[in-house]
Number of protein chains: 2
Amino acid sequence: MSSCDLCVVRNRAICAALDSKELLALNAIGRTRSLQAGESLIWEGEDSVLVANVIDGVLKLSTNTEDGREQIVGVVYPSDFIGRPFGGTSGHGVIALTDAKVCVFSRGDFDAFARDHPALEHKLLERTLGELDRTRRWMLLLGRKSAGEKLASFLLELVERLSGAGCRPDTADPSRRIITLPFSRQQIADVLGLTIETVSRQFTRLKNEGVIDLPSRREVTILDHERLVAEAG
Amino acid sequence: MSSCDLCVVRNRAICAALDSKELLALNAIGRTRSLQAGESLIWEGEDSVLVANVIDGVLKLSTNTEDGREQIVGVVYPSDFIGRPFGGTSGHGVIALTDAKVCVFSRGDFDAFARDHPALEHKLLERTLGELDRTRRWMLLLGRKSAGEKLASFLLELVERLSGAGCRPDTADPSRRIITLPFSRQQIADVLGLTIETVSRQFTRLKNEGVIDLPSRREVTILDHERLVAEAG
DNA sequence: CGATCCATTGACTTGCTTCAACCAGAGTGG
DNA sequence: CCACTCTGGTTGAAGCAAGTCAATGGATCG
């Protein structure tokens, strides 16, 4: 039995395409790695020598302009795939936002394995297509939405992905309305293409209007889901 | 011999993964279709019943907010793939910017064919990964760049894609510095997340600074490629 | 109990948008 | 052939949303 069989994302990650024999082979070329919050897995611009599956935690994909402005171009959650198989340098760095566990492969090994397992490539394709859709939706947000709409959209997506992706929301409350942010204010700003001050002001505005509550820096309670949807534009 | 053998993008589109027997089979389920500039191929939000390859012309992928703001989330050139195989509704419309010719397939047919031809799926995966990279680079532009940087970046990408993608630039000039825009000012604004006025002002600024020239509405001459790169930030 | 790190808040500035007028080229018809 | 209009683009002036700069607040941790 491979350690993959015990993997919590076994049935949600691309590995779900494999039977146990194949999984054993994949297991042989991969290894798990733990990352602390803030630690880099891949640096921007290096030729990407590894790919990975997220087992636990949240990581950001980010690019920077030469003069230091940062834009977070993606956020990955458990069962998501990281990296750029089949050639090419990764245009963005990958950094853990929370403590995280990932299952890493050398890119060469993974490429070869994938070519021999069409079912795996198919899963990867589906996942990549989905990610492309999500990314394009994000472009509408970046290009055309106001600060208020951006933050509301962000919170809604976060709720969905934190629950959907299997990181159960950390509350017993039925409507899972309280979420723990894996982001600092600065990181939220970098996702939304805003400054930290603007993010902060929008947070307090939503709070004053009774749409959300802010029990602590890293927690948000959704008080009025409907209004939040309306705010998202 | 299938009509695919005569196709101008035969060796650049995903079809390059197929031998002539397979190509014949693919040919049997597809058909070419001509589009006039402005014509829609896929509407936003419909469940996407077709996929396609671009043979000739330029098309935009765009989304709208409820209140009518538009954001162009992608632009496709000859040999590019259009659509969302394997389920899911397309979150964006596909509209021809120039007169165009595409090779369309019913999504169901294409899905089935793809599953039987891993080499095709592999090509599609590579293409999708590339598109995802490009889209993420665009996010940096939308989120963090100024109007001037946006326009300069836009022109540079356009030059690259118009030549690279095989639509030879329409001039005999060696350094292919003159390009014909497949976009109106409004469409450029919708790509860059700006207003038409801001785009216009940036155009005249670049012109006044001697970086470009504007022989006509739809033409741009790159006079100083280096300065343009610098302007792109 | 300071020191440090984020986040919030306020005052001011600015880059982009908005609103509105004007302009140029292409097509139409008297 | 010239006025007429239509469409898309440019220019100007004014307003505003978000950015910048700077001070304050509140946790957390030696």
Side-chain angles (χ1 to χ4, degrees), chain A residues 36-38 65 67-71 97-98 141-155 180-209 212-221 231-233, chain B residues 36-38 60 65 67-72 97-98 140-155 180-209 212-221 231 233:
Chain A
Q36 289 183 293
T65 57
D67 60 335
R69 287 168 285 177
E70 173 166 346
Q71 176 67 47
L97 292 177
T98 62
L141 177 144
L142 287 174
R144 291 297 183 206
K145 290 193 175 179
S146 69
E149 292 171 325
K150 283 179 175 181
L151 185 59
S153 305
F154 173 79
L155 291 173
T180 298
L181 300 171
F183 300 91
S184 68
R185 292 290 187 270
Q186 180 61 61
Q187 285 159 349
I188 296 173
D190 289 336
V191 171
L192 300 178
L194 297 171
T195 58
I196 186 173
E197 294 94 332
T198 303
V199 171
S200 184
R201 282 186 246 274
Q202 293 301 326
F203 262 122
T204 56
R205 184 181 62 80
L206 287 175
K207 181 179 160 187
N208 291 339
E209 293 178 359
I212 62 171
D213 192 27
L214 300 168
S216 81
R217 295 179 160 194
R218 288 281 185 152
E219 287 171 312
V220 181
T221 313
E231 288 276 350
Chain B
Q36 289 184 291
K60 67 169 181 175
T65 56
D67 59 337
R69 288 168 284 177
E70 173 166 346
Q71 176 67 47
I72 294 181
L97 292 177
T98 62
L140 176 64
L141 178 144
L142 287 174
R144 292 296 184 206
K145 289 193 176 179
S146 69
E149 293 172 323
K150 283 180 176 181
L151 185 59
S153 305
F154 172 79
L155 290 174
T180 298
L181 299 172
F183 301 92
S184 69
R185 293 289 187 272
Q186 181 61 62
Q187 285 159 348
I188 296 173
D190 289 337
V191 171
L192 300 178
L194 297 171
T195 58
I196 186 173
E197 293 95 331
T198 302
V199 171
S200 183
R201 282 185 246 272
Q202 293 301 325
F203 262 122
T204 57
R205 183 181 63 79
L206 287 174
K207 181 179 160 188
N208 292 338
E209 294 178 359
I212 62 171
D213 192 27
L214 300 168
S216 82
R217 297 178 159 193
R218 288 279 185 153
E219 287 172 311
V220 181
T221 314
E231 288 276 351

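Quick caveat, the model's predicted, so the values are computed rather than measured. Each chain gets a letter, A, B and so on, in the order its sequence line appears, and its residues count up from 1.
- Proximity of Q202(B) to L206(B): side-chain heavy atoms (C-beta onward) are nowhere separated by under 4.5 Å.
- Using a 4.0 Å cutoff to heavy atoms of chain B, the contacted part of DNA chain D runs 5' to 3' from dG8(D) to dA13(D).
- Between K207(B) and D213(B), some side-chain heavy-atom pair lies under the 4.5 Å cut-off.
- Following rounding to the nearest Å, R144(A) (CZ) and dC16(C) (C1') show an atom-to-atom distance of 12 Å.
- Computed from coordinates, the N208(A) CG to dT8(C) P distance equals 12 Å when rounded to whole Å.
- L151(B) places its CG atom 17 Å from the P atom of dG15(C), with the value rounded to the nearest Å.
- Atom CG in D67(B) sits about 11 Å away from atom P in dT18(C), given to the nearest Å.
- Side-chain contact between S184(B) and R218(B): present, with at least one pair of heavy atoms (C-beta onward) separated by less than 4.5 Å.
- Of all nucleotides listed (dA7(C), dT17(C), dC16(C)), dT17(C) comes nearest to the side chain of R201(B).
- Taking side-chain N and O atoms only, T198(B) has no distance below 4.0 Å to OP1 or OP2 of dC16(C).
- E197(A) places its CD atom 15 Å from the P atom of dA11(C), with the value rounded to the nearest Å.
- Under 3.5 Å, the side chain of R217(A) and the base of dC6(C) form at least one donor-acceptor pair of N or O atoms.
- Two residues are said to be in side-chain contact when any heavy atoms from C-beta on lie closer than 4.5 Å; L151(B) and I188(B) meet this criterion.
- Atom CD of Q187(A) and atom P of dC5(C) are 16 Å apart (whole Å).
- We find that CG of L181(A) is positioned 15 Å from P of dC6(C), with the value rounded to whole Å.
- Nearer the 5' end of DNA chain D, as judged by each residue's closest nucleotide, is the contact made by F203(B), out of Q202(A) and F203(B).
- Counting any heavy atom pair closer than 4.0 Å across all strands shown, S216(A) reaches no nucleic acid atom.
- Using a 4.5 Å cut-off on side-chain heavy atoms (C-beta onward), V220(A) and L214(A) make contact.
- Counting atom types as modelled, Q186(A) pairs no side-chain N or O with a base atom of dC5(C) as donor and acceptor under 3.5 Å.
- Between K150(A) and V191(A) the shortest side-chain heavy-atom distance does not fall below 4.5 Å.
- For the pair L214(A) and G193(B), nearest-nucleotide mapping onto DNA chain C gives the more 5' position to L214(A).
- Counting to the nearest Å, the C1' atom of dC23(C) and the CZ atom of R185(B) are 14 Å from each other.
- The residue G148(B) sits apart from the nucleic acid: no heavy atom pair falls under 4.0 Å.
- In this structure, E197(B) does not pair ionically with R201(B), as no charged nitrogen and carboxylate oxygen lie closer than 4.0 Å.
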